Amino acid sequence: MVDNGIIEKSSGPWASPIVLVKKKDGSTRFCVDYRKLNEITKKDSCPLPRIDDTLESLNGSQWFTTLDLKSGYWQVEIRPGDREKTAFTTGQGLWKFKFALETHISVKVLATTTVDPWYSCEIQKAQLEDPAIKPILYKKLNSADRPSWQEITPESPAIKRNWALWDSLHLKDAILYRKWESDGGNSCRWQLILPKSRIQEVLRETRDSASGGHFGVMKTLTKTRERFYWDRLRADVEKWCRECHSCGARKGPETRTKSRLQRYNVGAPFERMALDILGPFSVTTIGMS
């Protein structure tokens with residue numbers, strides 16, 4: 001690993017023990033016990049895409065390419081300031097990795113200091129900045145009792161609609177969620193009350209991304225409601241699908257078939273007449289036919 005430039009000497013305060021494990025073929029596997037490091041590492045909890053969404057994104061493709069990287073994680077460079085966290089002890093001293101070693105180490109977290117906009121604190125901040133969510137969130141934080149209608153009467157229609165959902169709104173880590181249950185009570189789903197500032201981002205990732213597939217209104221609604229809820233959700237989804245430039249360019253304008261108008265030449269009035277023949281009609285309740 002030294003010859004390949006994967007590890008280098010370290011002199012920092014971090015250190016983890018190593019374990020040499022024998023493989024089935026008789027060779028030795030080099031392992032580092034990073035359990036203590038993992039306990040204080042902030043994980044990047046990014047959900048995996050759904051299998052059906054991934055397969056649907058391949059619709060229409062004719063050529064497929066697979067790429068298998070040998071020791072792929074050794075090709076992901078770690079930020080120099082974070083390399084000392086990967087240090088491990090051997091009989092020849094203290095060493096640290098220049099490249100990522102295992103999936104247990106969140107490379108993204110160690111490699112960047114930017115704040116993820118989907119962290120809990122950022123979501124709560126966005127909810128408090130949303131005028132339609134802020135009053136309900138404050139009342140949920142301060143009391144479990146539902147406010148009276150007299151308190152909500154001066155508020156906006158959006159706040160009143162959220163107030164109507166009071167019994168299904170719950171707090172998780174000081175973030176407002178909606179608990180949705182099926183009619184039979186067999187399934188339950190937690191929907192994040194999405195602030196208005198995040199709606200476009202969610203719709204873009206849900207419908208327009210590589211795994212979105214540019215679905216229609218109903219499929220986009222179903223995918224969005226699995227994780228999120230906001231006031232006028234359906235109207236926003238319908239508008240987003242209707243104003244999609246990619247779909248509009250592919251489908252083109254709607255055309256209606258119309259019969260061609262023709263001109264009939266006549267020499268005198270009532271020389272040509274047209275009659276509309278209707279019937280037979282059913283007999284009415286009073287006997288008229």
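In this text, all values refer to a predicted model and were calculated from it rather than measured experimentally. Just so it is clear, the values below take in all heavy atoms, side chains as well, and ignore hydrogens, waters and symmetry mates.
Counting only distance, with no hydrogens or angles, the side chain of N162 and the backbone of A164 share no donor-acceptor pair below 3.5 Å. Judged purely by atom type and a 3.5 angstrom limit, K140 uses its side chain to pair as donor or acceptor with the backbone of L169. Judged by distance alone, the side chain of E84 and the main-chain N or O of S10 form no donor-acceptor pair under 3.5 Å. Without hydrogens or angle criteria, S61 side chain to W63 main chain gives no donor-acceptor distance under 3.5 Å.
Using a 4.5 Å heavy-atom cutoff, the side chains of R207 and C247 are in contact. Taking 4.5 Å as the limit, some side-chain heavy atom of K179 sits within range of a side-chain heavy atom of C188. Counting heavy atoms from C-beta on, the side chains of Y229 and L192 never come closer than 4.5 Å. Side-chain atoms of M288 and V283, non-hydrogen and from C-beta on, never get closer than 4.5 Å to each other. Annotation: side chain of R225 is in contact with side chain of Q191 (closest heavy-atom distance under 4.5 Å). W14 has its side chain out of reach of F88: every pair of non-hydrogen atoms, C-beta onward, lies at least 4.5 Å apart. At least one side-chain heavy atom of Y34 sits less than 4.5 Å from a side-chain heavy atom of T86. With contacts defined as side-chain heavy-atom distances shorter than 4.5 Å, the pair S16/V32 qualifies.
Open room surrounds CD1 on I51; 12 or fewer heavy atoms of other groups in view lie less than 6.0 Å from it. Within a 6.0 Å radius of NZ in K160, other residues, nucleotides and ligands contribute more than 12 heavy atoms. Around atom NZ of K9, more than 12 heavy atoms belonging to other residues, nucleotides or ligands sit under 6.0 Å away. Within a 6.0 Å radius of NZ in K172, more than 12 heavy atoms belonging to other residues, nucleotides or ligands are found. Other residues, nucleotides and ligands place no more than 12 heavy atoms under 6.0 Å from the CG atom of D173.
To the nearest 0.5 Å, the span separating CD1 on I136 from CG on L165 amounts to 9.0 Å. To the nearest 0.5 Å, atom CG of residue L176 and atom CD1 of residue I123 are 12.0 Å apart. Remark: N265 CG to E271 CD distance equals 10.0 Å, nearest 0.5 Å. Here W230 contributes atom CH2 and I133 contributes atom CD1; the two are 11.0 Å apart, rounded to the nearest 0.5 Å. If you take SG on C244 and CG on D208, they are separated by 5.0 Å, rounding to the nearest 0.5 Å. Atom CD of E243 sits about 9.0 Å away from atom CH2 of W240, to the nearest 0.5 Å.
Nearest heavy atoms, L194 versus I199: CD2-CA, 3.8 Å. In terms of heavy atoms, C241 sits closest to T220 at SG-OG1, 4.1 Å.
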Apply salt bridge (charged side-chain N to carboxylate O under 4.0 Å, His left out) to the pair E226 and R50, showing each step before the final yes or no.
-> CA-CA 12 Å; E226 289 179 356; R50 292 173 43 176; 2.6 Å; yes
Would you please test L171 and I175 for side-chain contact (heavy atoms from CB on, under 4.5 Å) and show each step?
-> CA-CA 5 Å; L171 293 176; I175 299 176; over 6 Å; no
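A salt bridge is defined here as a Lys NZ or Arg NE, NH1 or NH2 lying under 4.0 Å from an Asp or Glu carboxylate O, and R83 with E8 meets this definition. Salt-bridge formation is detected for the pair R234/E238: a Lys NZ or Arg NE/NH1/NH2 atom is positioned less than 4.0 Å from an Asp or Glu carboxylate oxygen. A salt bridge is defined here as a Lys NZ or Arg NE, NH1 or NH2 lying under 4.0 Å from an Asp or Glu carboxylate O, and D25 with K23 fails to meet this definition. Between K196 and D130 there is no salt bridge, since no side-chain nitrogen of the basic residue lies less than 4.0 Å from a carboxylate oxygen of the acidic one.
The side chain to side chain donor-acceptor pair (under 3.5 Å) check on R198 picks up nothing, with sequence neighbours excluded.
Taken together through direct or relayed side-chain contacts under 4.5 Å among Ile, Leu, Val, Met, Phe, Trp and Tyr, L141 and I152 form part of one hydrophobic cluster. When hydrophobic clusters are built by joining Ile, Leu, Val, Met, Phe, Trp and Tyr residues whose side-chain heavy atoms come closer than 4.5 Å, directly or via intermediates, W166 is not grouped with L233. Following chains of ILVMFWY side-chain contacts shorter than 4.5 Å, one cannot reach I193 starting from Y119, and the two form parts of different hydrophobic clusters. Under the 4.5 Å side-chain contact rule for hydrophobic residues, I159 and Y138 share a cluster.
Exactly one of I6, I18, I7, T89 qualifies for a side chain to side chain contact (heavy atoms under 4.5 Å, CB included) with W95. That residue is I7.
Checking E151 against S148 by side-chain atom types alone, a donor-acceptor pair falls below 3.5 Å.
In this structure, K139 forms no cation-pi arrangement with W163, as its terminal cationic atom is not both closer than 6.0 Å to the ring centre and no more than 45° off the ring axis.
Ring orientation note: the planes of W190 and Y177 are nearly perpendicular, at an angle over 60° on the 30°/60° scale.
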